[in-house]
Amino acid sequence: MSTSPILAPLNAAQRAAVTTGAPQTLVLAGAGSGKTRVLVHRIAWCLEQGLASPSGILAVTFTNKAAAEMRARIEQLLARPVGGMWVGTFHGIAHRLLRAHWREAKLPEQFQIMDSDDQQKVVRRAIRGLNLDEHHWLPKEAQWFINARKDEGQRPAHIDTAGDHVLQTMVEIYKAYEEACQRAGLVDFAELLLRAYELWRDTPGLLRHYQERFFHVLVDEFQDTNAIQYAWLRLIAGERAHVFAVGDDDQSIYSWRGARVENMQRFRRDFPRHEIVRLEQNYRSTGNILDAANALIANNTARLGKNLWTDGSRGEAIKLYAGYNDIDEARYCVERVRDWHRDGGRFDDCAFLYRTSAQSRVLEDALRQADVPYRVHGGFKFYERAEVKDALAYLRLANFRGDDAAFERIVNLPARGIGNRTLDDVRQTARLERITLWDAAVRLIAHRELGSRAAGALQQFLSLIDELAHEIEGLGLDSTIELVVERSGLVDHYRKEKGERGLDRIENLAELVTAARDFELPEDDGELPLVSAFLSHAALEAGEGQAGSFEDSVQLMTLHSAKGLEFANVFLVGMEEGLFPHTRSASDPNQLEEERRLCYVGLTRAMKQLTLSYAESRRLHGTDYYPQPSRFLRELPSNLVEQVRLGGASPALDPRTRVVEDTNGYPYRLGQRVHHRTFGEGVVLHLEGRGAHTRVQVNFAAGGVKWLVAAYAGLEAD
DNA sequence: AGGTCGGATCTTTTT
DNA sequence: GATCCGACCT
């Protein structure tokens with residue numbers, strides 16, 4: 001049995017999880033303990049042992065990437081393709097269910113998925129429709145409210161307003177928004193989950209069908225599930241299914257989005273026949289890094305409890321650098337990356353992690369200056385770009401005239417003389433008659449209730465869409481997109497935009513055609529028309545920001561997007577009070593613990609080298625701040641940390657922390673006051689080079705800014 | 001109907 | 001300081 005490739009590479013705990021006979025299993029998987037591996041091997045094990053057929057397996061993740069990786073690794077392990085399994089994201093699987101059972105779910109067959117951008121616009125329209133002041137009732141806040149409620153599984157009718165006027169109004173907005181979505185066949189992300197839940201809850205026959213099919217339900221990142229996802233899982237699990245949930249309460253960093261760590265505790269209550277397996281052996285990081293991470297997270301209360309260990313080496317000390325300012329901090333990190341590269345390391349293996357995306361700027365500047373290639377993760381996704389969404393809106397409307405979000409988006413883009421007055425008439429008619437914007441437009445024109453100019457322009461738009469719909473019939477997907485781009489007039493419109501921007505956009509439209517050409521129908525979604533499948537794909541899988549450049553480059557990302565990844569050489573920058581932990585989280589103990597978990601996630605990304613840094617002054621929002629070093633730094637055992645200083649003595653955080661001179665052996669510290677025989681008093685601005693070649697830039701009170709070779713300058717510290 | 005200006009805002013963002 | 005949004009102007 002141990003010769004099986006499925007079990008052979010596993011340690012005892014992993015093997016116990018993979019081969020468990022318990023009907024319900026909760027795997028507490030520490031960072032780097034082989035979480036994905038256990039999921040993959042568990043599925044392979046069930047298949048190989050004949051405990052399950054592929055079609056009996058439902059495996060749920062949070063990201064498309066994780067789902068794709070899981071499927072690929074299962075097939076690799078079994079050395080054959082495995083059809084019939086449902087492996088996907090919560091949203092992807094919910095979507096699939098709703099497509100298959102749109103009637104029971106009370107959706108139009110052509111329903112479309114909205115991203116949060118679209119959603120905000122529909123919310124805004126709902127607010128205006130209720131004649132509310134949108135400065136007081138901010139669309140963003142209402143959107144937040146609606147999503148939070150949906151994440152909790154609450155419809156407007158479920159919310160007890162208890163006479164609270166504000167709450168009452170929010171619920172009214174929620175209701176109006178819901179009606180608008182229903183009319184237009186629009187489904188937001190939270191709605192996908194809620195609908196899928198209600199579909200099963202309210203259609204017992206259907207639920208039974210799926211319960212009988214999915215005998216094995218597996219969940220990744222269980223600590224990130226929200227209330228509705230948990231309820232959905234309980235439904236499908238029923239009394240019979242084997243449930244296999246993998247998660248780490250210490251890596252729960254999405255509570256602000258409705259994720260509920262308590263679901264791990266609830267699992268133990270709701271699935272009484274469960275078994276718990278702890279994966280604590282870490283295969284990623286050095287002993288020092290793990291000890292630091294363990295010590296940090298021990299400051300949190302309410303943990304399920306876990307202690308990571310490794311039988312690998314202690315590794316190097318964790319480095320802590322106190323920058324003179326944010327620019328110096330970035331400069332230091334980039335220099336360490338260059339050292340790494342000079343010693344034969346790859347840029348790819350280096351990651352700069354930060355709390356807020358705004359921090360990437362300074363790092364990027366420093367990298368560019370040093371000519372080090374880099375890549376920023378997160379940010380704008382391909383399918384979220386305005387021009388891409390514009391083009392897709394044409395396709396959406398041609399596909400389904402009732403799509404109000406698409407209608408609003410392009411009715412006057414490019415400008416075709418349909419002004420706000422006209423549109424308000426259309427909107428009002430739609431609202432009063434409870435019909436779609438499209439139908440309202442048709443009606444207004446037919447009843448001659450518009451000025452002749454407006455009516456003409458509007459009719460032209462309607463005809464354009466109708467013609468487009470006709471012309472794309474029978475075309476391939478890429479020809480369809482090509483035609484849409486061409487007929488929409490978007491290219492001409494963007495050509496008029498000045499500067500690079502317009503060109504960029506036209507390029508992206510071309511890229512969209514390429515994306516359509518490369519698009520393949522998901523194997524099991526054969527029933528869905530190609531165009532619908534592509535539109536859903538665009539909404540559910542927004543794609544990476546930049547087209548993948550394959551150059552060896554330093555990776556930049558927020559701590560949130562670093563979860564699940566690992567790098568040999570990690571830089572955790574901006575370790576400052578106010579920034580990390582963030583001010584907005586400092587007052588609430590729960591949020592503070594989440595910040596600490598975020599820090600834990602950051603530390604545990606590192607395999608070999610870990611550098612922490614902070615700046616003594618930082619430019620933020622146009623003003624200078626002088627932050628204190630992060631409290632998290634004080635929570636790290638001082639014997640694991642080595643503070644790096646550019647010459648000169650400066651108080652370490654903890655008197656026991658070792659202080660070492662920078663390896664460059666700089667004799668001065670940035671910001672240090674110095675004295676020169678001829679130039680007089682000055683302040684050190686920059687240091688570069690090493691050893692005998694060290695050069696120092698000094699701003700002299702009398703002589704201005706000068707570069708000097710340290711060895712000959714004869715500078716004296718003041 | 002589009003451009004410009006002033007003001008508010010400034011955490012994280014799997015889908 | 002940068003950006004995003006809406007009001008206002010042309």
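To find a chain, count down the sequence lines: A is the first, B the second, and so on, and within it residues start at 1.
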Next item on the list: Could you tell me whether A:W102 and A:F111 have their ring centroids closer than 6.0 angstrom?
Entry: no

Notebook entry, point to check: Do A:Y394 and A:F407 have ring centroids that are under 6.0 Å from one another?
Noted result: no

Note to self: Regarding A:T558 and A:S561, do their side chains bring together a donor and an acceptor under 3.5 Å, going by distance alone?
What the structure shows: yes

Item checked: Flag for A:H582-A:T356: side-chain donor and acceptor within less than 3.5 Å -> no

Distance between the [atom1] atoms of [N] and [M], in whole angstroms?
| N | M | atom1 | answer |
| --- | --- | --- | --- |
| C:dT3 | B:dT14 | C1' | 25 Å |
| B:dT12 | C:dC5 | P | 15 Å |
| C:dG6 | B:dT11 | C1' | 24 Å |

Notebook entry, point to check: Parallel, tilted or perpendicular: which fits the ring planes of A:F352 and A:F571, with parallel below 30° and perpendicular above 60°?
Noted result: perpendicular

Notebook entry, point to check: In terms of the nearest nucleotide of DNA chain B, which residue is placed more toward the 5' end: A:G92 or A:A415?
Noted result: A:A415

Separation of [X] atom [atom1] from [N] atom [atom2], in whole Å?
| X | N | atom1 | atom2 | result |
| --- | --- | --- | --- | --- |
| A:E221 | B:dT15 | CD | C1' | 14 Å |
| A:N412 | B:dA1 | CG | C1' | 8 Å |
| A:H377 | B:dT12 | NE2 | C1' | 17 Å |
| A:I93 | B:dT14 | CD1 | C1' | 14 Å |
| A:L540 | B:dT15 | CG | P | 9 Å |
| A:D220 | B:dT15 | CG | P | 13 Å |
| A:D188 | B:dT15 | CG | C1' | 11 Å |
| A:N147 | B:dT14 | CG | P | 15 Å |

Just to be sure I understand the rule, does [X] reach a base, reach only the sugar-phosphate, or reach nothing, if contact means heavy atoms closer than 4.0 Å?
| X | value |
| --- | --- |
| A:Y254 | base |
| A:E595 | base |
| A:I418 | sugar-phosphate |
| A:G417 | sugar-phosphate |

Next item on the list: Is it possible for you to check whether A:R124 lies under 6.0 Å from the centre of the six-membered ring of A:Y177, through NZ or CZ, and within 45° of that ring's axis?
Entry: no

Check: Does any residue of residues 112-128 of chain A have a heavy atom under 4.0 Å from DNA chain B, and if so, which ones, in number order?
Finding: none

Tell me whether the side-chain N/O atoms of [X] come closer than 4.0 Å to OP1 or OP2 in [N].
| X | N | value |
| --- | --- | --- |
| A:K563 | B:dT13 | no |
| A:N420 | B:dA1 | no |
| A:T61 | B:dT14 | no |

Item checked: Any residue meeting side chain to side chain donor-acceptor pair (under 3.5 Å) with A:R37, in chain and number order, not counting sequence neighbours -> none

Checklist line | Short side-chain to backbone donor-acceptor contact, A:D249 and A:R303, under 3.5 Å | finding: no

Item checked: Intermediate values then yes/no, ring pair (Phe, Tyr, Trp, His ring centres under 6.0 Å), A:Y383 and A:H537 -> CA-CA 9 Å; A:Y383 288 111; A:H537 164 84; 5.8 Å; yes

Notebook entry, point to check: Would you call A:E576 and A:P629 a side-chain contact if the rule is heavy atoms closer than 4.5 Å?
Noted result: no

Which atoms of nucleotides 5-10 of chain B (N or O only) lie under 3.5 Å from a protein N or O atom, and what are those distances?
none

Would you indicate which nucleotide in [options] comes nearest to any side-chain atom of [X]?
| X | options | value |
| --- | --- | --- |
| A:E384 | B:dT11, B:dT13, B:dT15 | B:dT15 |
| A:W256 | B:dA1, B:dT14, B:dT12 | B:dT12 |
| A:F62 | B:dT14, B:dT13, B:dT11 | B:dT14 |

Note to self: Taking any atom closer than 4.0 angstrom to a non-hydrogen atom of chain A, what span of DNA chain C does the protein reach, first nucleotide to last?
What the structure shows: C:dG1 to C:dA7

Notebook entry, point to check: Under a 90° cut-off about 0 for the syn range, is B:dT11 syn or anti?
Noted result: syn

Checklist line | Partners passing side chain to side chain contact (heavy atoms under 4.5 Å, CB included) against A:R596 (at least two apart in sequence or in another chain) | finding: A:L296, A:N299, A:N300, A:E593, A:F632, A:E635

Checklist line | Residues in side chain to side chain contact (heavy atoms under 4.5 Å, CB included) contact with A:W256, at least two apart in sequence or another chain | finding: A:W144, A:Y254, A:H560, A:E594

Note to self: Apply salt bridge (charged side-chain N to carboxylate O under 4.0 Å, His left out) to residues A:K563 and A:D224 and explain how you reach the verdict.
What the structure shows: CA-CA 12 Å; A:K563 194 174 71 155; A:D224 286 338; 2.4 Å; yes

